[in-house]
Amino acid sequence: MKRSVIVVLLVVVLSLFAFSKPLTLWHTQMVVEWAGRADVVELFESSTDQDVEEDYGPALYREALQKFIIQSKTGNPDVIELVLEQMFTLAKGNLLLPLDEYWDDYEDKDQYYQNAVDALTFNGKLYGVPYNTNVRLLLYRKSVFEENDLEVPGNWEELINTAAYITKNIDGMQGFMFTTKTREVRAFQEFLSFYFQLNKHMFEVADDGVKVVAKKEQLEQVLDLYYRMFFDGGISLNERGADWKALDYGYTSGNYAMVTVGPWIWGHRYEEESRGDVLDDTGIVAIPVAENGTPGTYMEVKPISVNRFTDDKDKAFEIVKDVTSKEFQFLMDSQAGVLSPRKDVMNMPEMRDNWWLSGFAEYMDTGVALDPVSWEQPQNLIIEAIQKVIYKQDTPEEAAEWLLNNLKRVAKSL
Amino acid sequence: MKKKNNLVLKYFLLILFAVFILLPFIWILYSSFRAEVDLFAGTFFKNEKPLSFENYRDVFSSGQTAAFGTYFKNSLIIASISTAIVVFAALFGAYALSRFRMKYKDGIIITMLLSNMFPQVLIVIPLFGILFSMNLIDSYLGIIVTHIVLGLPFGIWLIKGYFDSIPYEIDEAAMIDGLRPFGVLWRIIIPITAPGMVVAAFYAFMVSWGDFLFASVISQSLDTQTLPIGLNKFFGSTQIRWGAINAATVITIIPTIVLYAFLQRWVVEGLTAGSVKG
Amino acid sequence: MTREKKRAFMGYLVVLPALLLFALLMFYPSVQAFFDSFTNYSLYNQVPGFIGTDNYEVLLTDPDFWELFGRTLVLVGLAVGLQYVLGVTLALLLNENLKGMRWVRYIIMIPWVIPVVSTVVMYDWMVLPDYGLINMLLKNIGLGHLTRYWFGDPAFAFPLIVTMHVWRNMPFYAITLFAGLKSIPKGFYEAAEIDGANAWQRFFHITLPQLKYPSMIVIVLHVLWTFNNFDFIYLSTGGGPVGSTEVLATKVYETAWSYFEYGKASALGILMMALMLVFSLAYVKLVRSDQA
C-alpha cells in the first residue's frame, strides 16, 4: 500500500515538472553574432509570456537541421527557425507540425502577403509562419557606371559584355561575381535566380512521384552564362571556388562592380564605415532578363516551424506568434535590412522610406518560390555542373546533359 | 669541422620546423590586432588604423562574453576527467591484458580498436538515443563517457605494448621479493613505462578537447557547451567578422598553449625518467 | 581456483567496465548500422524496409566509389608517410638536446591542440585570393600572376588538404617517437660506435628497429584517423572543386547528414570499416612477425 502511494506521489511530482518544463526555441539570428542580436533577444524575452530556455540553439542552419533530425522525437526544440529548403525536407520526413488549425484562428493572418504563406505550403498543409523574405536582384556601383559612361545591363548578353569590359578596363575592379564553391548554398540560389527566368519550376510534384520539368536547353543556357562570364573575362579565373563570404565582403570592400545578391549585406555598414559607403553607392535593379525569358528571380521565405513532437502545441504556437509579431519582425528585419512578409511591417514609414528596402520590395512580385521537394541532392548536382563548366571539364551542353540525367535519377527519392 | 656543420644543419632544420609550425598561428595572431580595413587591404605592415585590442573587445562584449569563460571551463572539466579515467582504466586494463593469461585477449583488443574504425558520423544518431534513454543528454557525464570510449582503445593498446616490452622475469623477481601483482605494477612497471602513459594521457586529453561532433549533439545548453562549439558560433550564415574570428581563434588557442606549457614539464620529466632506466 | 585462473578472472573483471561501456556506446550502434545497411532506412523511410544487398551492390558497381577509394588511399598514404618522415626527423632533433630546445618543445604541440575548425580558418585566411598571406607574399616577390584562391584550384586543393593533415598531426609522431627514442638504451649506440658504425648505419640498424613498436602504434592510429576524417575537407573545400578532394569519409558524412539516407551511409560505413580492419590486421601481423 505504502509503495503505491509513493509511486503515485512521484508520478504527480514528475508530471508537475513536465508541466513546468520550459520550452525551447531555436533561432539562428538570436545566436549568431551580428549587430542586432542583443536587441532582438531582449525584445523577445521581454515580450513573450512563455517560459523559454535562454539557449537559442546552433548558430548555423545546417547544424540546426542536423541536430533537429537527431533529437526532434524528444520534443526538444519545440519551435525552430528554418530556411525554406529545410522546411520541405522536415515536412516530408514528418517531423513538423501542420499549423493550419492555429493559422486559421490567428488574428494577424491577414497581415501576411499571400504568396509568402503559399510558399510555406507542402502537400496542401501549412508548415511554418514566414518571418523574413527577400528576392535576389542585381546590385551595382552607381559611381563606376557613371564615371565610365556605362549602361546598366538589361539582358544576359549585356551583362556578360559589361562585366568583361569593366574587368578589363577599370583598375582594381572586377565586373561581376558568382559563388562557385562546392556545397555553397548561395551558388545554387544564384543559378536559380537566372534559371527562373526560363522556367519557373524545376520539379513537379504529382501523385505518382516527383518529375523533372527542367529542359536541357534551359539548363544549358544558364550554364553557358556561367561559362562565358568566366571565360569572356567578366570574372577572373582566380575567383573560382569562392564562397558567400568572398562575394558579400568582396562587394562591400569595393572589389566588384555588380553582383546578384539579397538585401542582407546592408548589415555590413555596422561593421565598417567604408562598407557603408559602398552600400550607399549601390543601385538596385532587376536581374537582367534573358532575351527568351520572363522576369523571375530566386525568392527566399524563412519560416518559423513547430516540432511535431512538442509537448505543448498551444504554447509552442504562442512562441511562434511572439517571434513573428509585428514588433519583432520590424526590429529584426529593419536591422538586418531584409523584407518582412507582413503588410503592416512593410507599410511602416521606417521601412517604406528606406530606399534599400523599397528598392527590393519593388521586385518582390517577380520572386519565384522553390518547388516543394527536398533540395539537398539537386543542389549539389547543380553546383557540380557549374564547376564542370567553369573548370573546363565539360562544355555547357555536356554539363547540362549530365545535370538533367542526374536530376532525373534522384527525382524518385525527392 | 664536421661537427660544426652538423650543428648548423640541425639548427637550420629546427628553425624550418618552427616556421612551418608557427606560421599560420603567428599570422592569425598578428591579424587579430589589425582593424578590419587593414585585413582586407592586402598589405603586410602598412596599417591605416593602429594595432589595437578592438577585436578582442568585440569578442568579449558580444552576447557570448561570459560564455567564453564557460566554454573553457566546460572543456577543461570534461577533458580532465575523461583523461584521468582513461589513463586509470587503460593502466589496469593493459596490465591485465599483458600479464594475465586470458583466452580472449586478442579479441578484446580488436573489438576495442574496431570501434575507432567505424565512421563516427554514423554512431552519433544511435548514441544519442542511448544517452537520452539514460538521461545523460546535456550532462558532463554523457560527454565524458563518450570521450572515454573514444580515447580508451588507443590508451590500452599503447600502454599494453610498453608493458609487453618488459620481460616477465622482472615481475617474477619482484614477486619473489614479496610484491603482489598490483604492487609490481606500481613499483616496477609504471616507472619504466611512464613515457607511454604520458602519451596516452595526451592523446585522451586532445581527443576530448577537440571533439566537436559528439559534444555538439549531446549538449543542449550553455552548461555543457565546449570550446569547439563556442568557436563555431562565430560563423554565421550571412555575416562573418574576420576580425572577431581571428581574435576568438587566438583566445581559444592561447590558454590551451599555456596549459600545455605547464604539462610540458610533466611530459619532459616523464620522458627523461624513462631514459634513466635504460 | 588456481592462481592462474584467479588472475584471469581478475583480469576480466578489470576490463569489464570498459568493455560494457564499449558495448553500449560503440558496439551497439555499429551493429545497428550493420543491420541498417541492408535496408532503405532514411529520413523519409522511418520504418525501414529490407532491401538485401542493394546498397552494397550500388556502391561497389559505381565508378565514383572506386575513385573515392583511390583518392582516400592516396590521401592517407601521402599524409601518413609525410607525417612519419617529418615526425622522425623532428624526434631525432629533439633528442639532440641542443640549446634552446625547451622552446621548441613548447611550440610543437600547437598544431595539435588547435581545434580542427580553427586550423581550417587559419589556412583559409592564408590562401584567400586578395588578402591571404600566401598570395600577398607571391605578389611581393614578383610572382603576382600566380595568385589565386588556393582551395579553389583543383590542382592545389588536394595538396593543401594533405598539408593541413601533416601540419596538424606531425607533432604527435614527434612526441611519441621521441618518447620511444628515450627508451633505447644508450649502450646499444656505444657498442655500435665501438664497432665502427657511422650515423646512418646506427640509424637504420638500431634506431628504426627499436622504434618499430611506437611507430606501429602511431601509424595505425593515424591511418585510421586520416581515413575517417572528414571535417578538414568538409570545412575547407566541401569536397571540391569538381570533386577533387572528395573522399570516402566526406561521402559518408554527406550521405548521412546532408541527404539523410542512413541505409546507404551505413553500407558505406561498413565497407570503410572492413577496409580499415584489413589494413590494421595486416600491418600489425607484419610488425609482429618481424619482431618474432
Side-chain angles (χ1 to χ4, degrees), chain B residues 10-11 13-14 17-18 21-22 24-25 27-28 39-40 42 44 89 92-93 96 100-102 108 112-123 126-127 130 145-146 148-149 152 154 157-158 161 195 199 206 210 227-228 231-232 245 249 252-253 256-257 260-261 264 271-272 274-275 278, chain C residues 4 7-8 11-12 14-15 18 21-22 24-26 29-30 32-33 90 93 96 98 104-118 121-123 125-126 130-131 133 136 175-176 179 182-183 185-186 213 217 221 224 228 249 252-253 256-257 265-266 269 272-273 276-277 280:
Chain B
K10 287 177 188 156
Y11 270 112
L13 283 177
L14 222 47
F17 270 111
I21 289 174
L22 286 180
F25 179 62
W27 181 244
I28 217 173
L39 288 180
F40 293 100
F44 281 115
F92 285 105
F100 300 164
R101 209 174 293 167
M102 301 191 291
I108 291 178
M112 285 197 182
L113 283 177
L114 213 73
S115 64
N116 266 25
M117 297 184 200
F118 201 67
Q120 290 179 350
V121 293
L122 293 176
I123 296 184
L127 184 94
I130 294 173
V145 149
T146 311
I148 291 176
V149 167
L152 194 55
F154 174 69
W157 195 33
L158 178 70
V199 175
M206 279 324 302
L227 271 180
L231 198 59
N232 225 37
I245 290 188
T249 308
T252 317
I253 295 175
T256 340
I257 295 181
Y260 268 86
Q264 285 287 352
L271 294 175
T272 49
S275 73
Chain C
E4 276 299 318
R7 290 251 196 92
Y12 284 123
V14 162
V15 296
L21 210 60
F22 268 88
L24 199 59
L25 293 180
M26 288 275 161
S30 310
Q32 177 79 46
L90 190 53
L93 283 171
E96 291 282 331
L98 301 172
V104 181
R105 277 201 284 256
Y106 285 163
I107 66 167
I108 55 170
M109 292 311 287
I110 289 181
W112 205 44
V113 308
I114 298 179
V116 170
V117 59
S118 303
V121 167
M122 286 196 294
Y123 270 79
W125 186 238
M126 288 200 304
D130 293 306
Y131 354 98
L133 178 63
M136 281 162 50
I175 286 284
T176 311
K182 280 261 173 268
S183 55
K186 289 224 168 80
Y213 185 73
I217 301 261
L221 181 73
L224 298 186
N228 263 335
V252 151
Y253 183 80
W257 277 28
S266 298
M272 286 169 68
M273 185 172 83
M276 282 186 279
L277 188 59
S280 309

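Numbered from 1 within each chain, the chains take letters A, B, ... in sequence-line order.
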Open item on the list: Which one wins on heavy-atom pair count under 4.5 Å against chain C: B/Leu127, B/Val145, B/Val149, B/Ile28?
Closed with: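 The candidate making the most pairs under 4.5 Å is B/Val149.
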Between atom [atom1] of [X] and atom [atom2] of [Y], what is the distance when rounded to the nearest 0.5 Å?
X	Y	atom1	atom2	value
C/Ser118	B/Phe25	OG	CZ	10.5 Å
C/Trp125	B/Thr249	CH2	OG1	11.0 Å
C/Leu24	B/Ile130	CG	CD1	5.0 Å
C/Asn228	B/Phe118	CG	CZ	9.5 Å

Where on [X] is there a heavy atom nearer than 4.5 Å to chain B: the side chain, the backbone, both, or neither?
X	value
C/Trp257	side chain
C/Ala265	both
C/Tyr123	side chain
C/Leu224	side chain

Task: Between C/Leu277, C/Leu133, C/Leu90, the one whose heavy-atom pairs under 4.5 Å with chain B are most numerous - done: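 Most heavy-atom pairs within the cutoff with chain B belong to C/Leu133.
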Task: Choice from C/Ala249, C/Ala256, C/Ser30 maximising heavy atom contacts with chain B below 4.5 Å - done: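 Ranked by contacts with chain B, first place is C/Ser30.
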Does any backbone or side-chain atom of [X] lie under 4.5 Å from a heavy atom of chain C? Answer side chain, backbone, both or neither.
X	result
B/Leu122	side chain
B/Leu227	neither
B/Ala18	both
B/Leu14	both

Task: Full working for side-chain contact (heavy atoms from CB on, under 4.5 Å) between B/Phe154 and C/Ile217 - done: CA-CA 8 Å; B/Phe154 174 69; C/Ile217 301 261; 2.9 Å; yes
Open item on the list: Just so I know, are the side chains of B/Phe17 and C/Leu93 near enough to count as touching, which here means a heavy-atom distance under 4.5 Å?
Closed with: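 The answer is yes, as the side chains (C-beta and beyond) meet within the 4.5 Å cut-off.
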TODO: Taking the side chain as every heavy atom from C-beta outward, state whether B/Trp27 and C/Met126 have any pair of such atoms under 4.5 Å apart.
DONE: yes
